[in-house]
Amino acid sequence: MAQSAEHVLDHFELFRGPEYQQMLANKKKMFENPRDPAEVERIREWAKTPEYREKNFAREALTINPAKACQPLGAVFASVGFEGTLPFVHGSQGCVAYYRSHLSRHFKEPSSCVSSSMTEDAAVFGGLNNMIDGLANSYNMYKPKMIAVSTTCMAEVIGDDLNAFIKTSKEKGSVPADFDVPFAHTPAFVGSHVTGYDNALKGILEHFWDGKAGTTPKLERVPNEKINFIGGFDGYTVGNIREIKRIFELMAIQYTVLADNSDVFDTPTDGEFRMYDGGTTLEDAAKAVHAKATISMQQWCTEKTLPFIAHHGHEVVAFNYPVGVSATDEFLVALSRITGKDIPEELARERGRLVDAMADSSAHIHGKKFAIYGDPDLCYGLAAFLLELGAEPIHVLSTNGNKDWEAKMQTLFASSPFGQNCHAYPGRDLWHMRSLLFTEPVDFLIGNTYGKYLERDTGVPLIRIGFPIFDRHHHHRSPVWGYQGGMNVLVKILDKIFDEIDKKTNVLGETDYSFDIIR
Amino acid sequence: MSLATTQSIAEIKARNKELIEEVLKIYPEKTAKRRAKHLNVHEAGKSDCGVKSNLKSIPGVMTIRGCAYAGSKGVVWGPIKDMIHISHGPVGCGQYSWGSRRNYYVGTTGIDSFVTLQFTSDFQEKDIVFGGDKKLVKIIDEIQELFPLNNGITIQSECPIGLIGDDIEAVSRSKSKEYGGKTIVPVRCEGFRGVSQSLGHHIANDAVRDWVFDKVSPEGKPTFEPTPYDVAIIGDYNIGGDAWSSRILLEEMGLRVIAQWSGDGSLAELEATPKAKLNVLHCYRSMNYISRHMEEKFGIPWCEYNFFGPSKIVESLRKIAGFFDDKIKEGAERVIAKYQPLVDAVVAKYRPRLEGKSVMLFVGGLRPRHVIGAYEDLGMEVVGTGYEFGHNDDYQRTAQHYVKDGTLIYDDVTGYEFERFVEKVQPDLVGSGIKEKYVFQKMGVPFRQMHSWDYSGPYHGYDGFAIFARDMDMAINSPIWKRTKAPWKDVQKAKLLAAE
């Protein structure tokens with residue numbers, strides 16, 4: 001017996017003891033009808049080959065380990081960015097349990113969201129009654145200032161009409177007639193969570209700007225000097241939005257962050273549970289129509305929202321998750337151009353510090369090969385940063401990236417001598433990435449938590465940047481945007497590089513001549 | 001020490017009743033009527049907890065429940081390691097349930113084991129419009145080509161499958177034939193079926209019956225020589241290794257475990273289970289169906305047991321041994337004696353730190369009752385409990401064997417109710433899930449996830465009890481909970497702390 005009260009063994013130690021090892025070996029041999037170990041080894045090796053890669057890439061129907069989630073997750077993420085807003089997902093309740101868990105596991109925060117709990121009878125008769133009862137219950141229990149409705153695929157397949165249902169619910173008195181219930185259809189079988197973000201945000205803006213589903217006059221735009229800012233679906237929303245606000249304030253820009261969920265995903269532990277915290281006020285959401293311009297940090301999170309906004313007369317500018325010196329330069333220069341405000345010396349100094357750090361450490365990154373996967377904009381932003389570090393983002397894969405994204409990535413690669421051997425893979429998954437890493441190895445992999453399976457299988461060290469990150473804590477609280485954010489990304493990459501050099505040089509008397517204390 | 005322990009039973013009952021009245025006030029009338037049936041104060045001597053259960057959740061209230069897909073793919077089928085489980089439909093369901101349940105297994109992942117892979121048909125609009133059967137055919141072919149060592153395939157239906165009229169049974173039959181009788185199991189666990197995960201468990205159990213058992217000839221020779229001591233562990237998902245720290249005890253008492261359902265399980269183990277002499281059932285809720293079936297069809301008795309905490313372990317080891325001869329009965333006593341020093345050391349170390357502390361639970365499956373004994377072994381008291389997706393038979397077992405007079409009972413609790421209950425009862429610890437964890441921690445209440453063991457475990461068996469005790473101690477006695485209030489904001493309490 002290895003377990004003891006003095007030194008309690010956890011699962012990662014307990015089962016390594018001889019009793020358990022013997023038990024597991026017997027279980028396998030006697031009862032599992034195991035495959036011949038030689039055959040397992042043969043297949044394991046075969047799965048590393050170019051031949052396997054070819055078969056793997058010939059897949060037409062099966063998806064394995066995709067790097068994307070479904071629309072309503074993005075809708076919930078965007079909705080909680082508005083003051084006192086309760087996301088209400090019309091459809092099956094299990095979906096909502098999943099979104100809440102997923103967001104909580106990443107942010108280590110509560111995630112509040114309700115469902116209309118549709119079951120078999122609703123599948124047959126439609127979910128109108130679920131909407132009527134659901135809105136009434138949510139309104140009474142959770143006292144929201146707004147309920148933002150989206151849909152699960154169940155409600156979409158049976159064709160429930162949100163606009164009509166919400167109207168009927170109001171007529172039945174579920175919520176007051178003038179209570180804000182914006183909506184967006186967010187079918188899981190179209191696009192991904194970034195599409196859901198886009199649809200939900202557009203739905204909310206449309207609600208406030210275009211006459212609240214025909215119940216009020218459309219807003220007349222009276223242009224002012226404000227700038228609207230949209231972050232997009234972003235695992236670093238907490239750190240990033242706070243950094244962006246700091247930059248806006250340094251530049252004395254009047255701004256509105258739309259879907260500002262930086263507070264609700266980072267509430268204090270002080271004895272009070274804040275179901276709602278911070279967020280774009282509903283008044284600001286409405287007044288945002290008057291802004292001079294709208295900036296989106298993620299083109300592919302705002303494909304519908306930006307044209308909608310542009311249609312209201314704003315200048316719209318989209319970035320692709322700007323990380324690093326040049327991308328931040330472009331962002332700030334655009335801000336300055338639009339607002340006529342100067343970029344303050346303080347930001348110039350921050351820029352200089354990032355350049356300084358990159359120069360100090362460049363020797364360790366230059367020429368290193370990377371694979372990146374994630375949402376389309378994140379991939380673009382990270383690849384661009386690696387290029388300016390003199391690294392090569394050899395494989396850049398985005399399950400929810402499309403042909404346009406691929407073309408834009410290839411243009412980026414073509415713009416740099418370090419991009420000559422780099423390729424973009426739209427619509428591919430992490431099992432494709434596995435083949436890429438075996439057949440065209442790289443030095444480092446950048447991705448979310450699921451990348452640890454690739455790290456284990458292929459030995460390529462994982463640098464965790466993306467969403468979701470379940471197995472490391474609190475990184476979402478630090479920005480990756482702005483020069484200071486770029487610094488955080490740089491340090492993250494460098495730490496892994498140095499750790500790897502140390503790991504490769506720490507065998508006593510064999511490799512440790514290079515176990516340097518100065519690097 | 002919590003408020004609850006300083007009051008008399010009568011006072012507690014009155015307080016709890018008042019609490020229930022109070023939370024019901026928030027609801028519209030119709031909802032209040034429905035919710036009232038799910039909330040109660042337990043009266044000692046009653047045969048159940050006096051609540052309705054396994055009914056539809058109410059729209060808009062923030063239920064904690066999941067769906068039938070979660071019950072089938074997430075719970076029952078997902079841990080079967082040598083089969084590939086296709087999340088059939090749009091991408092989300094498989095993505096959110098990918099690797100999050102910690103069903104430990106040993107195998108070469110991606111080659112002969114597949115638990116922590118996410119296989120999905122990633123439905124697009126055209127699949128909804130034209131149906132997904134052709135895609136499913138192709139998916140099975142692609143699996144066969146890329147994963148030649150898989151021992152079987154299951155098709156875990158997501159909501160759209162049942163709505164668009166796909167015939168996954170026909171596809172399964174024809175592909176099984178094409179691949180020489182390969183086990184291919186269609187599971188109709190669409191998320192809109194039933195009222196919670198629970199129907200998904202049942203559907204998954206039935207799928208084992210219809211698509212695994214019925215394929216195996218009852219006269220077929222098992223791959224091993226049967227012994228009189230062959231048992232199967234049913235309803236242990238090996239979360240953090242629970243089934244392993246249970247199996248070792250059964251083996252040490254002289255039994256032979258021929259199958260694990262379904263944590264670290266394999267198709268061969270499922271197929272061999274009808275050869276067992278006894279099925280030992282941990283999670284009654286999720287696997288009583290197949291146990292009853294095996295009893296009816298193969299005459300295999302089943303016996304519920306509880307491996308949380310030494311009191312229940314001792315009781316369970318003796319109960320299981322009761323089905324066998326003296327050799328096993330002696331074996332059980334030997335095991336009990338062997339681990340007694342560990343139990344004594346754990347209790348000696350942790351009980352003084354936990355004595356008198358109160359706990360509120362809200363969990364799924366067997367835990368709302370099964371873990372109560374383990375807390376009591378540490379001198380703690382469960383003052384409130386409820387089931388996410390229990391049925392009346394769960395509440396009967398709870399009333400008859402577990403809860404104390406005056407315990408607050410809440411079935412399918414809503415987010416609002418749970419917060420108010422905890423706020424008023426002020427337990428020293430809440431045990432629930434990931435969605436609840438941070439809510440209560442923000443309130444300054446120590447919390448442990450009692451689904452995933454908060455990424456710890458195992459909690460089953462003697463080895464698990466040591467970890468359980470350590471974890472509860474570190475949750476409750478973490479110094480951080482004394483620092484949730486800024487000293488300048490809570491002068492009175494700060495003085496009290498200083499005086500301690």
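Order of the sequence lines sets the chain letters (A, B, ...), proteins ahead of strands, with each chain counted from 1.
- Here K108(A) is the residue among H90(A), K108(A), K55(A) with the most heavy-atom pairs under 4.5 Å with chain B.
- Looking at K56(B), the atoms closer than 4.5 Å to chain A (heavy atoms on both sides) all sit in the side chain, from C-beta outward.
- For the pair R247(B) and W244(B), the cation-pi test (distance below 6.0 Å, angle within 45°) is failed.
- In the model, R65(B) has a side-chain atom that pairs as donor or acceptor with a side-chain atom of S57(B) under 3.5 Å.
- Contacts between Y27(B) and chain A at a heavy-atom distance below 4.5 Å involve the side chain alone, from C-beta outward.
- When heavy atoms are compared at a cutoff of 4.5 Å, E419(B) approaches chain A solely by way of its side chain, counted from C-beta outward.
- Between chain B and the residues A58(A), G94(A), G191(A), the largest count of heavy-atom pairs under 4.5 Å involves G94(A).
- Identified under the salt bridge (Lys or Arg N to Asp or Glu O under 4.0 Å) test for residues 126-144 of chain A, with sequence neighbours left out: D133(A)-K30(B).
- Judged by distance alone, the side chains of T151(A) and E156(A) do bring a donor and an acceptor atom under 3.5 Å apart.
- For the set G107(B), S245(B), S121(B), the entry with the most heavy-atom pairs within less than 4.5 Å of chain A is S245(B).
- Under the salt bridge (Lys or Arg N to Asp or Glu O under 4.0 Å) criterion, R256(B) pairs with D230(B), not counting sequence neighbours.
- A distance of 6.0 Å or more separates the ring centres of F88(A) and Y142(A).
- Taking the centre of each ring, H102(A) and F467(A) come in below the 6.0 Å mark.
- With a 4.5 angstrom heavy-atom cutoff, E251(B) touches chain A only via side-chain atoms.
- Side chains of D471(B) and S456(B): a donor on one and an acceptor on the other come within 3.5 Å.
- Both the backbone and the side chain of D264(B) come within contact range of chain A, with heavy atoms under 4.5 Å apart.
- Heavy-atom pairs under 4.5 Å with chain A peak, among A268(B), P28(B), G92(B), at P28(B).
- At a 4.5 Å heavy-atom cutoff, K126(B) makes no contact with chain A through either its backbone or its side chain.
- Interface residue I258(B): backbone and side-chain heavy atoms are both found under 4.5 Å from chain A.
- Proximity to chain A is limited to the side chain of R470(B), based on heavy atoms less than 4.5 angstrom apart.
- Contact of Q197(B) with chain A is not made at all, since no heavy-atom distance falls under 4.5 Å.
- Heavy atoms of M141(A) lying under 4.5 Å from chain B belong to its backbone as well as its side chain.
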